[in-house]
Number of protein chains: 4
Amino acid sequence: MLHQYNEKQVQIIIVAERLFAEHGFNGASVRDIAHGASVNIAMISYYFGSKEKLLEAIFAYRIGTTTIQLEHLLAQKEISTLNKIYIMIDHYIEKMQNNTHFFKIMLSEQIKDQENKGLIEIIFNSKKKNFDLISALIAEGQKTGQFKKHIDISLLVSTLVGATNQMYIGQQYYKRLNQLEDMPDDKFQALFKKRMKLYLKNMFNAILTYEL
Amino acid sequence: MLHQYNEKQVQIIIVAERLFAEHGFNGASVRDIAHGASVNIAMISYYFGSKEKLLEAIFAYRIGTTTIQLEHLLAQKEISTLNKIYIMIDHYIEKMQNNTHFFKIMLSEQIKDQENKGLIEIIFNSKKKNFDLISALIAEGQKTGQFKKHIDISLLVSTLVGATNQMYIGQQYYKRLNQLEDMPDDKFQALFKKRMKLYLKNMFNAILTYEL
Amino acid sequence: MLHQYNEKQVQIIIVAERLFAEHGFNGASVRDIAHGASVNIAMISYYFGSKEKLLEAIFAYRIGTTTIQLEHLLAQKEISTLNKIYIMIDHYIEKMQNNTHFFKIMLSEQIKDQENKGLIEIIFNSKKKNFDLISALIAEGQKTGQFKKHIDISLLVSTLVGATNQMYIGQQYYKRLNQLEDMPDDKFQALFKKRMKLYLKNMFNAILTYEL
Amino acid sequence: MLHQYNEKQVQIIIVAERLFAEHGFNGASVRDIAHGASVNIAMISYYFGSKEKLLEAIFAYRIGTTTIQLEHLLAQKEISTLNKIYIMIDHYIEKMQNNTHFFKIMLSEQIKDQENKGLIEIIFNSKKKNFDLISALIAEGQKTGQFKKHIDISLLVSTLVGATNQMYIGQQYYKRLNQLEDMPDDKFQALFKKRMKLYLKNMFNAILTYEL
DNA sequence: AATGAATGAGTTTTCATTCAT
DNA sequence: TATGAATGAAAACTCATTCAT
């Protein structure tokens, strides 16, 4: 299951991830990836079999390491359910920021009509894990009466994922629409992240607790 | 401003839109588009100049016709502000469903590092319109005290757009996660749309009115 | 023999001549020519039959009008043979300067392996006329003892044509090699022409009169 | 500086040189060149980067090896200045005959409005070398009083180059104008070369020594 | 007589992959 | 194990010409 990639393979994966994110899967050429990773062109076929398999390798490399730590975090008893939601939001945003490239690829691949069956399964399993994790969390909150009944978990997850992605993708537009173009980029990033977190927490609080 | 495309040009645009959505911009070849539209390959250069320009034409074709009707709808006096929000949500979902391909392309192009400056402007202008429209709406609700203060419009729009997109994109996963695989597709679609609309309306109600 | 070209045809010929000279026959496209002449693309095939025929038309247009005036000039009795040579040189240089484009095309077409049989004949006839004209002139000079015997007329003509062409083509190199780059272009042109004429006259004088 | 081309690259260069000479740069297709050199089409991009770069490679390949031997020849002390001029003429004609294709390309590229800046420099440097070499030679002759004063070296070189090129290019016309069409081609070639050499030597003798 | 639309064959270049070593 | 060389297929685009009107 857990592939062990050697140094050069990881090098290739990192570069490929960036180029796939920046130009799309078809827009990034094996040549460019090889050049970016300072390896011979033939190495990509040699190591991964094909360009498609390289994409899968990226998923295998990134997805393996993710959910576990969150699981542990959420298992802790002394934290309130709502705080766990907040932690999850923070966690998601941080993870997205640290894996921008991968998040973009993941989104891109979901948009397309996926010819690649392998990826569909990988993505489904990842979603399933999130779904189960959050289901448990919501159930916990509902049992204590903190959260309202009848919450569509799938749509709730889509809300978190979709809203966050969209915010992140639309960062530059946010800058312009809110006249923050003069702010230096690192300052803006910090401000933006703060606002996102606050906004999403308020939103989830509202969604989960406010009954019409 | 408003390009008038002839029958064959529209034919090409429709096919290109579908193929760009299904395979990405670089994944769809001019050859395939020409074949799909039953025109000679050279016609695409002849009519649009280049593949990139064809993409821009798709945007020009789709974006021109959109916001106007919504503007009129929201201008009506006898509808309550909250209902206008609901109308907007319905409108967005319907529009998305009727323009799936275009929505996917739009999202795809936002994900990539946009080399195409023309598109960035087109997308920005579209976002600006939505932003202004919703800003006015929210302000209206705030003035009457229905909506809470301090709402980040940009993030709110991102929430609508992102959540809806993500739901729509993840439809097939939704089906599997909620054990609806046996339901015929048209029935599922109807059910899904109903749930989305309901969910989003509740969500927006909560977001806009619930003060911590 | 003498085609009569209408206004639009002449327009096309002028533009084609320039573009063929600047980019070569294959480097200049019918599209560019049509655009440059502000006519419909189809007009070129319509008027001339094909791109190749257009090239022939340029030759027909340019060659028809040339030698006659020189013939008259050289027929005059009161001018000395050597002065006639000088007149011919001046005439050739002026003609070249006023028909740069055509001269370039003519040279270009001679360089290539000529697939176009029509052109070969046209060029041959033009050469034949020059040959005959100069033969008569030289014979005249030889009869009076002014010119030396045994002059290879073909090579002599090649010398005039080739040297002048080469000088003209290499103008910019001349400028740089002789450190005249700061001189304004019109001044340089005048100087260059003056030098060419003087040089060639001296040269021909030497060639024709100096016996080892 | 001096590129080292491998066997296949040289193969391509030789074929490209011929085809560029015969049909012009734009008239010769990469496909034809590849076919002529019995290599895969992609190899041309692979080896040279592009068609234009291939043209530059031809220049690099041909120009590197030329002037050196002439320099040595002219450096010899025991040969009279005039004889050096004769040697130079013989040398130039032989070189032209052995590099017909390249000479044609060189001329072609000078005729066109050169978009290719690289080539301009290459050609200029080559001209500069010839210019310097001949300048020294002429100065030598002038010092001994053999040659007349005030000789425009640039125009003199143009005369040699232009006249010789023009003669060579107009070979077939020469044949017809001098009724030598029945002579077998190899015999004609030999005769023609002999006549050219003799003619040019006489001409240069006259030009350099005959003062009006 | 004149032309906008259309076309098939052509262009150069790049692609992901495989081969020979 | 690793790689420079090589390749066939495909890419987007342009070509000169013709068609329908």
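The chains referred to below are lettered A, B, ... by the order of the sequence lines, with proteins before strands, and numbering in each begins at 1.
- Atom pair B/I44:CD1 and F/dT14:P shows a separation of 13 Å (rounding to whole Å applied).
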Apply the test side-chain contact (heavy atoms from CB on, under 4.5 Å) to residues C/Y61 and C/Q9: give CA-CA distance (whole Å), side-chain angles for both, the deciding distance (0.1 Å), then the verdict. CA-CA 10 Å; C/Y61 180 72; C/Q9 285 174 310; over 6 Å; no
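- The CE-C1' distance, from B/M43 to F/dT14, rounds to 13 Å in whole Å.
- Where B/G49 and C/S50 meet DNA chain F, the nucleotide closest to each residue was compared, and B/G49 sits on the side nearer the 5' end.
- Heavy-atom contacts of chain D under 4.0 Å fall on DNA chain E between two terminal nucleotides, which in 5' to 3' order are E/dT11 to E/dT14.
- Qualifying side chain to side chain contact (heavy atoms under 4.5 Å, CB included) partners for A/Q172, counting only residues two or more places apart in sequence or in other chains: A/K175.
- In this structure, A/R31 atom CZ and F/dT3 atom C1' are separated by 14 Å, rounded to whole Å.
- Nearest-nucleotide positions on DNA chain F for D/N6 and C/V30 put D/N6 closer to the 5' end.
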Using the side-chain contact (heavy atoms from CB on, under 4.5 Å) rule, take A/N165 and B/I111 through it: C-alpha gap first, then chi angles, then the decisive distance, then the call. CA-CA 9 Å; A/N165 282 349; B/I111 293 171; over 6 Å; no
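- The backbone N or O of D/I105 sits nowhere less than 3.5 Å from a side-chain atom of D/E109 that would complete a donor-acceptor pair.
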Stepwise, does the side-chain contact (heavy atoms from CB on, under 4.5 Å) test hold for A/I12 with A/Y5? CA-CA 10 Å; A/I12 293 168; A/Y5 296 111; over 6 Å; no
May I have the list of side-chain donor-acceptor pairs in residues 48-59 of chain A shorter than 3.5 Å, sequence neighbours left out?
unit_1	atom_1	unit_2	atom_2	d
A/S50	OG	A/E52	N	3.4
A/S50	OG	A/K53	N	3.2
A/K51	NZ	A/F25	O	2.8
A/K51	NZ	A/A28	O	2.8
A/E56	OE2	A/N116	ND2	3.2

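- Under the side chain to side chain donor-acceptor pair (under 3.5 Å) criterion, C/H23 pairs with D/E115, sequence neighbours left out.
- Expressed to the nearest 0.5 Å, how far CD1 of B/I33 lies from NE2 of B/H35 amounts to 13.0 Å.
- Here C/S45 does not reach the OP1 or OP2 of F/dA16: none of its side-chain N or O atoms lies under 4.0 Å away.
- Among the atoms of the strands shown, only primed sugar atoms or phosphate atoms (P, OP1, OP2) are found under 4.0 Å from some heavy atom of A/Y47.
- For the salt bridge (charged side-chain N to carboxylate O under 4.0 Å, His left out) test, residues two or more places apart in sequence or in another chain that qualify with B/E121 are A/R176.
- Sorted by first then second residue, the salt bridge (charged side-chain N to carboxylate O under 4.0 Å, His left out) pairs that include residues 8-32 of chain C, not counting sequence neighbours, are C/E17-C/R62, C/R18-C/E22.
- Shown for residues 34-42 of chain D: residues whose heavy atoms fall under 4.0 angstrom of DNA chain E, namely D/I41, D/A42.
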Give the dot-bracket line for DNA chain F from 5' end to 3' end: parentheses for intra-strand Watson-Crick or G-U pairs under 3.5 Å, square brackets for crossings, | for inter-strand pairing, dots for unpaired. .||||||||||||||||||||
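- The distance between atom CD of A/E7 and atom P of F/dT1, rounded to the nearest whole Å, is 16 Å.
- Residues meeting the salt bridge (charged side-chain N to carboxylate O under 4.0 Å, His left out) test with A/K127, sequence neighbours left out: none.
- Listed in residue order, the members of residues 18-28 of chain A having a heavy atom less than 4.0 Å from DNA chain F come to none.
- In this structure, D/Y46 and B/K8 both approach DNA chain E, and ranking their closest nucleotides by distance from the 5' end singles out B/K8.
- Listed by chain and number, the residues in a side chain to side chain contact (heavy atoms under 4.5 Å, CB included) with C/A42 are C/N40 (sequence neighbours excluded).
- Here the CG atom belonging to B/L19 is positioned 11.5 Å from the CD1 atom belonging to B/I14, to the nearest 0.5 angstrom.
- In this structure, D/N125 has no side chain to side chain contact (heavy atoms under 4.5 Å, CB included) partners at least two apart in sequence or on a different chain.
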